**Q** 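Got a structure for you, questions after.
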Amino acid sequence: MGAEAESLDRAIEALRRQLGSDRVLAGATAAGEIRQRSLNPDDLAALRYVVRPRNTEECRIAVQTLSEFGPAIVAGLTTFWEPHASDPGVGIDTLALGDPRRVDAPERIGYFGAGVSVRDADRLARAQGLCVPAYPDSDGSQSLGSLAAVACTTGLGMGRHEPVEQIAGLTVVTGDAT
């Protein structure tokens with residue numbers, strides 16, 4: 001095993017201690033998660049691990065821990081995964097970013113992780129007498145992170161408002177773990 005692979009394995013063990021072993025997928029479990037989203041499911045490239053942070057703080061911890069063990073080249077798994085020959089050994093599953101997940105009715109604002117679907121955000125808002133002012137894709141499964149990243153949903157689009165008009169703020173984890 002090369003020094004780079006050993007360093008990655010040490011970083012993964014550190015992440016398991018910090019986040020919990022259920023947040024770090026390896027081997028067949030990681031491959032299965034990628035295969036569900038891949039456009040070419042038989043081509044899994046070099047991705048060996050999938051890290052599933054629940055929130056931006058866990059995402060920051062993952063990026064920081066990986067960088068402490070060497071140059072971390074991390075990919076983000078979003079709605080689908082399209083591997084390339086130069087893919088890294090670790091993928092951060094952005095659809096796992098489910099926290100926070102709450103609506104503040106007096107403020108008329110929702111706080112959601114990037115992996116929360118438009119449908120789930122709307123259901124939580126409706127339980128408070130509000131709604132998401134959008135016409136999401138046919139079943140509402142588009143994640144809010146994808147909505148922010150590409151400025152739309154699939155299908156019918158956003159209806160009355162552009163996505164940027166619905167987003168009051170974002171918390172982003174940068175490559176240097178800030």
Side-chain angles (χ1 to χ4, degrees), residues 1-102 110-118 120-121 141-152 163-164 166-178:
M1 181 181 285
E4 188 175 302
E6 287 178 18
S7 180
L8 178 58
D9 289 341
R10 286 194 313 274
I12 293 300
E13 285 309 311
L15 281 174
R16 285 186 174 130
R17 285 190 305 274
Q18 293 175 77
L19 304 179
S21 59
D22 63 321
R23 309 310 293 166
V24 181
L25 309 179
T29 308
E33 188 68 30
I34 297 160
R35 190 169 275 118
Q36 284 181 335
R37 301 183 201 169
S38 180
L39 297 176
N40 298 304
D42 295 327
D43 180 16
L44 296 178
L47 198 61
R48 295 176 47 204
Y49 301 101
V50 173
V51 179
R52 305 194 76 217
R54 289 184 202 108
N55 52 48
T56 52
E57 177 57 17
E58 288 186 4
C59 189
R60 186 198 63 74
I61 290 168
V63 171
Q64 181 177 4
T65 300
L66 289 166
S67 66
E68 287 172 358
F69 285 87
I73 301 172
V74 179
L77 273 69
T78 56
T79 304
F80 66 89
W81 175 256
E82 181 60 17
H84 301 284
S86 62
D87 281 337
V90 179
I92 303 277
D93 186 357
T94 58
L95 292 179
L97 293 165
D99 295 336
R101 186 184 298 246
R102 70 179 180 85
Y111 299 89
F112 299 102
V116 174
S117 72
V118 172
D120 288 344
S141 63
Q142 187 79 14
S143 73
L144 293 173
S146 294
L147 179 144
V150 299
C152 71
V164 72
Q166 297 183 51
I167 298 171
L170 296 172
T171 302
V172 178
V173 176
T174 64
D176 63 357
T178 57

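Since this is a predicted model, take the numbers as computed values, not measurements. The analysis underlying the following values was restricted to heavy atoms, covering all of them including side chains, and did not include hydrogens, waters or symmetry mates.
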**Q** What is the minimum heavy-atom distance between Ser143 and Ala114, and which atoms define it?
**A**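 Scanning both residues completely, I find the closest heavy atoms to be CB-O, 3.3 Å.
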**Q** Please list, chain by chain and in numerical order, all residues satisfying side chain to side chain donor-acceptor pair (under 3.5 Å) with Thr65, sequence neighbours excluded.
**A**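 If we apply the side chain to side chain donor-acceptor pair (under 3.5 Å) test to Thr65, skipping adjacent residues, the hits are Gln18.
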**Q** Check salt bridge (Lys or Arg N to Asp or Glu O under 4.0 Å) between Glu13 and all other residues, then give those that pass, not counting sequence neighbours.
**A**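 If we apply the salt bridge (Lys or Arg N to Asp or Glu O under 4.0 Å) test to Glu13, skipping adjacent residues, the hits are Arg16.
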**Q** If we check side-chain contact (heavy atoms from CB on, under 4.5 Å) with Leu144, which of these qualifies: Leu170, Asp120, Val116?
**A**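 For Leu144, the side-chain contact (heavy atoms from CB on, under 4.5 Å) check succeeds only for Val116.
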**Q** Please name all residues satisfying side chain to side chain donor-acceptor pair (under 3.5 Å) with Arg101, sequence neighbours left out, ordered by chain then number.
**A**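 Arg101 satisfies side chain to side chain donor-acceptor pair (under 3.5 Å) with no residue once adjacent residues are dropped.
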**Q** What residues, two or more places apart in sequence or in another chain, satisfy side chain to side chain donor-acceptor pair (under 3.5 Å) together with Glu57?
**A**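 For Glu57, the residues satisfying side chain to side chain donor-acceptor pair (under 3.5 Å) (neighbours in sequence not counted) are Arg60.
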**Q** What residues form a salt bridge (Lys or Arg N to Asp or Glu O under 4.0 Å) with Arg102, not counting sequence neighbours?
**A**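 Result, salt bridge (Lys or Arg N to Asp or Glu O under 4.0 Å) vs Arg102: none returned.
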**Q** Taking all non-hydrogen atoms of both residues, which atom of Cys59 and which atom of Pro53 are closest, and how far apart?
**A**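 Cys59 and Pro53 have their closest heavy atoms at N-CB, 3.5 Å.
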**Q** The criterion is side-chain contact (heavy atoms from CB on, under 4.5 Å); which residues satisfy it with Ala11, sequence neighbours excluded?
**A**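 side-chain contact (heavy atoms from CB on, under 4.5 Å) list for Ala11, sorted by chain: Leu66, Phe69.
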**Q** Only distances under 3.5 Å count here; give the side-chain donor-acceptor pairs of residues 20-27 to other protein atoms, sequence neighbours excluded, each with its distance to 0.1 Å.
**A**
residue: Arg23; atom: NE; partner: Arg52; partner atom: O; Å: 2.8
residue: Arg23; atom: NH2; partner: Arg52; partner atom: O; Å: 2.5

**Q** Could you walk me through whether Phe112 and Val118 satisfy the side chain to side chain contact (heavy atoms under 4.5 Å, CB included) test, starting with their C-alpha distance in whole Å, then the side-chain angles of each, then the deciding distance to 0.1 Å, before giving a yes or no?
**A** CA-CA 10 Å; Phe112 299 102; Val118 172; over 6 Å; no
**Q** Drop me the distance from Leu8's CG to Leu15's CG, to the nearest 0.5 angstrom.
**A**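 So the CG of Leu8 and the CG of Leu15 are separated by 9.5 Å.
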**Q** Give every donor-acceptor pair under 3.5 Å between a side-chain atom in residues 171-178 and any protein atom, sequence neighbours left out.
**A**
residue: Thr174; atom: OG1; partner: Asp176; partner atom: OD1; Å: 2.4
residue: Thr174; atom: OG1; partner: Thr178; partner atom: N; Å: 3.3
residue: Thr174; atom: OG1; partner: Thr178; partner atom: O; Å: 3.3
residue: Thr174; atom: OG1; partner: Thr178; partner atom: OG1; Å: 2.6
residue: Asp176; atom: OD1; partner: Thr178; partner atom: N; Å: 3.4
residue: Asp176; atom: OD1; partner: Thr178; partner atom: OG1; Å: 2.8

**Q** Suppose we screen for salt bridge (Lys or Arg N to Asp or Glu O under 4.0 Å). Which residues come up paired with Arg17, at least two apart in sequence or across chains?
**A**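 Not a single residue meets the salt bridge (Lys or Arg N to Asp or Glu O under 4.0 Å) criterion with Arg17.
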